[in-house]
Amino acid sequence: PNAPLYAKRSLRVINAESDDGSTEYKRQVHKLSTSRLHTLATQMSYRLDEGHGRCTYHIGVEDDGCHSVLDYSAVSESAWVLESIARSLNAVVLERKMIQNEVELGDDGKLKLVENVNDVLVVEEPPVLGSGTNGFNCEDEKEEKSCGDDEEASKKKPLRKLSAADEAYTRCELTIQRVETHLLDPSPLSLSSLSRGSSFAEGAKGAEEASTLNNLERLKLSSPASTSTRKEESKVSGESVANAEMNDTQNTVNTVEETLSTRNIRVAVVGNVDAGKSTMIGTLTTSFLDDGRGSSRTSIMKHRHEIESGRTSTSSSHLLGFRHSGEPIVGRDKIRANKMKSEDEIARESYRIVTLMDLAGHEKYLKTTIHGVSSGFADYAIVLVNSRHPPTHMTQHHLNLCCSFGIPIIVVFTKIDGCPEHALATSKSELAKLLKSPEIGRRPFAIKTEQDIITSMGKLHTLAPTIDISCVTGEGLDLLRKMLFSLPKRRRHEKKVDRPFEFLVEDIFLNVPGVGSVVSGFVNAGELNVGSHCDVYVGPTNDGTFLKTVAKSAHVARINTSHVTAGQSACLAFSLNKELRKKLRRGMVVLQESPTATKEFDAEICVLKGEGTTIRRSYQAYVHILNVRQSAFAREIEIVNNNALGLPPSHNAKEDTEGIVLRPGSRAKVRFEFAQRPEYIRPGMRMLFRDGRVRGVGIITGIPQ
């Protein structure tokens, strides 16, 4: 720079900028290329991360803290550009302070800092994209809002105004906050549109037209500045402050945490091996139709052998997001069509989330499917039927499985494109027989219009809605999306927040680079604030003991968080050495209070009707209790209802030489003993036992002392 200009910019007003931290200095931001805007966006994202979601920008200030001596219009334009960049990062401007009269012209004609601090003018302006008004037009004068002074002081002091004159040297402080809410459009003005705006007025006009968030006043953060601004605007418009406060309480922020817990509906997707479960989930989540040769399913499969064979062998979860209006979130990136949106991107944009749990359909993987339904806490189940083939015995297994856990059923007929009418009619009639059987007791209800969806809501425990879809032509997919969006929340996990913390471990990752041991699972009850002082117990191990460790950090939908609550699927990182890491396994629990494990438990069971099976003492079955699965023996049996067996009231188990025998339809109290190791279970948990196929269900009633 030349000497006079350098002399002007040698008046220090704040401390020099640090490379680290959440504070950034900018002299001026205008007429930028697209690449430069992306660089600025990356820099802002870094500052937001450094400040845990909040950062401060000083505009009109050099890196060494000296005043840049710019006029109001230049600083205001830069502030608007930075606010637009912030909006593209899911962030809003909480506070916009314009500061004038810090620098004045001395008697010798040189600039100097003012001596009296009270002469400095600090005015809070509303954010450009946040208020929906034409506040970005450069007027000659701006009214000052009360900045930190109380009402008494502001009445005594005359109102001073911002000046837009060239000699009115201005700097600005922007406080930017990342907002995790569906109400915020992630890109009301694209960065390329910003770079095309030749002037501030054109760009501001484009921002006003592009931003559909003139109702952003609904989005009030817990910021004193935003509240005071709202009250001030209410006074100007003639409203009372009481009305403004009432509106603030009505329009609360919907955070990602709420979306992933209270507005997250978990749906298990089951069906025969050729029904098209993975294809349907891939088509719903990516919003791209299938090519008829499995292009949709490859985007969600986990293992190479699954892609090659087309058979799903593991259970996996996929997020389907919806906006407030019911419009689905497109799962593919807008710019790069081959790039899938990550879970955190979908969660931040969504008002409601449907978690689709893809389960295996082949009979060889039935054990995995049963475990997925048992530990998945599904609100609803979608049973897929290939319309070109009648339902198989696996379809009946899946229907029985869902009914055993009391999960409402939605039936989807797939592959209806090119399906002969007589084949579809045969499949529907065969399925109707299965649904109307005594074991299931549902009445099929065809969904043809949106009115049918409204009619079926609230009756899902007696009706089984049926929808015809094709993932190749897209027929019926809109109805299915509307059906999923309309489903009410069935499991109220938020009611379990007051209970002791209970986290069910579903998967383990022993050595994540830079983190250590990580477990993923479901928060069944309570809440937890992770950190260096968060002591938890993980177990039980093979000998029944629990490991005491520290929960260092947590992720929910790949979003770093310090707080997890009931109803969320989360990941927890532990401080464990290499020896203790080897003891981690699936089926464990994470608790805060000192727990105990047991090998024996009492349960009240009901043997399902169906194929003939006899249960007596020493009967061995594979038991599923939420995320726990292990072989167990029946040690003691006590009949609850003799009439269920068709026996006379005089029947006495002690007089029977073979002991008590349970047959289909009977109820009994049974004491089970695990065959391998102790597990953590408590009364009230639902259990299921099987030997090849599902034999019965029950509820744990007690733990022997």
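Just so you know, residue 1 is the first one in the sequence shown, and it goes up from there.
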Worksheet item: Do the side-chain N and O atoms of Ser316 and His318 include a donor-acceptor pair separated by under 3.5 angstrom?
Response: yes
Worksheet item: With distance as the sole test, does Asn627 use its side chain to make a donor-acceptor pair with the main-chain N or O of Leu504 at under 3.5 Å?
Response: no
Discussion item. Return the OG to CG distance between Ser562 and Leu528, rounded to the nearest 0.5 Å.
Written reply: 10.0 Å
Worksheet, complete the sentence: Rounded to the nearest 0.5 angstrom, the CD1-CD distance for Ile329 and Glu327 is 6.5 Å
Discussion item. Using modelled atom types and a 3.5 Å cut-off, is there a donor and acceptor pairing between side-chain atoms of Gln630 and backbone atoms of Val623?
Written reply: no
Worksheet item: So, does Thr369 use its side chain to make a donor-acceptor pair with the main chain of Ala360 at under 3.5 Å?
Response: yes
Worksheet item: Taking the side chain from Arg266 and the backbone from Gly376, do they hold a donor-acceptor pair closer than 3.5 Å?
Response: yes
Discussion item. For Glu679, is there an ion pair with Arg677 - N to carboxylate O distance below 4.0 angstrom?
Written reply: yes
Fill in: Greater than 12 external heavy atoms within 6.0 Å of Arg443's CZ
no
Fill in: Test item: Arg442 side-chain N/O and Ile440 main-chain N/O as donor-acceptor pair under 3.5 Å
yes
Practice prompt. Could you please spell out the steps behind the side-chain contact (heavy atoms from CB on, under 4.5 Å) verdict for Phe574 and Lys552?
Written response: CA-CA 6 Å; Phe574 297 134; Lys552 300 185 295 183; over 6 Å; no
Worksheet item: Can a donor-acceptor pair be found between the side chains of Ser520 and Asp507 at a distance below 3.5 Å?
Response: no
Item to complete: Would you check if the side chain of Arg352 reaches a backbone N or O of Gly326 as a donor-acceptor pair within less than 3.5 Å?
Response: no
Item to complete: Look only at the side chain of Tyr680 and the backbone of Val590, and say whether a donor-acceptor pair between them is shorter than 3.5 Å.
Response: no
Worksheet item: Does the side chain of Asp602 come within less than 4.5 Å of Ile700's, by heavy atoms?
Response: no
Discussion item. Please report whether the ring centroid of Phe674 lies less than 6.0 Å from that of Phe601.
Written reply: yes
Discussion item. Filter on ring pair (Phe, Tyr, Trp, His ring centres under 6.0 Å), then keep only pairs touching residues 524-559, sequence neighbours left out; what's left?
Written reply: none
Discussion item. If you apply the rule side-chain contact (heavy atoms from CB on, under 4.5 Å), what do you find for Ile410 with Thr466, and how did you get there?
Written reply: CA-CA 6 Å; Ile410 299 169; Thr466 63; over 6 Å; no
Practice prompt. Answer yes or no: are there more than 12 heavy-atom neighbours, outside Lys669 itself, under 6.0 Å from its atom NZ?
Written response: no
Worksheet entry | Qualifying ring pair (Phe, Tyr, Trp, His ring centres under 6.0 Å) pairs, either residue in residues 480-506, two or more places apart | Phe322-Phe485, Phe377-His493, His493-Phe522
Item to complete: Dump the intermediate steps for side-chain contact (heavy atoms from CB on, under 4.5 Å) on Ser517 and Asn511, then the final yes or no.
Response: CA-CA 5 Å; Ser517 51; Asn511 192 13; over 6 Å; no
Worksheet entry | Expected output: side-chain Glu349 to main-chain Ile346 donor-acceptor under 3.5 Å | no
Worksheet item: When you measure from the side chain of Thr286 to the backbone N and O of Gly282, does any donor-acceptor pair fall under 3.5 Å?
Response: yes
Item to complete: Please answer whether the main-chain N or O of Lys367 pairs with a side-chain N or O of His371 as donor and acceptor at a distance below 3.5 Å.
Response: no
Worksheet item: Measuring from Asp379:CG to Arg490:CZ, what's the distance to the nearest 0.5 Å?
Response: 6.0 Å
Discussion item. Salt bridge or not between Arg635 and Glu673? Use side-chain N to carboxylate O under 4.0 Å.
Written reply: yes
Worksheet item: About how many Å separate CE of Met280 and OG1 of Thr285, when rounded to the nearest 0.5 Å?
Response: 9.5 Å
Fill in: Crowding at CZ, Arg558 (>12 non-hydrogen neighbours, <6.0 Å)
no
Worksheet item: From Leu401 CG over to His624 NE2, what is the distance, rounded to the nearest 0.5 angstrom?
Response: 9.0 Å
Worksheet entry | Note: Glu502-Arg682 ion pair, threshold 4.0 Å (strictly below) | yes
Worksheet entry | Sidechain N-carboxylate O distance under 4.0 Å for Glu636, Arg617 | no
Worksheet item: Between the side chains of Asn264 and Thr355, is a donor N or O closer than 3.5 angstrom to an acceptor N or O?
Response: yes
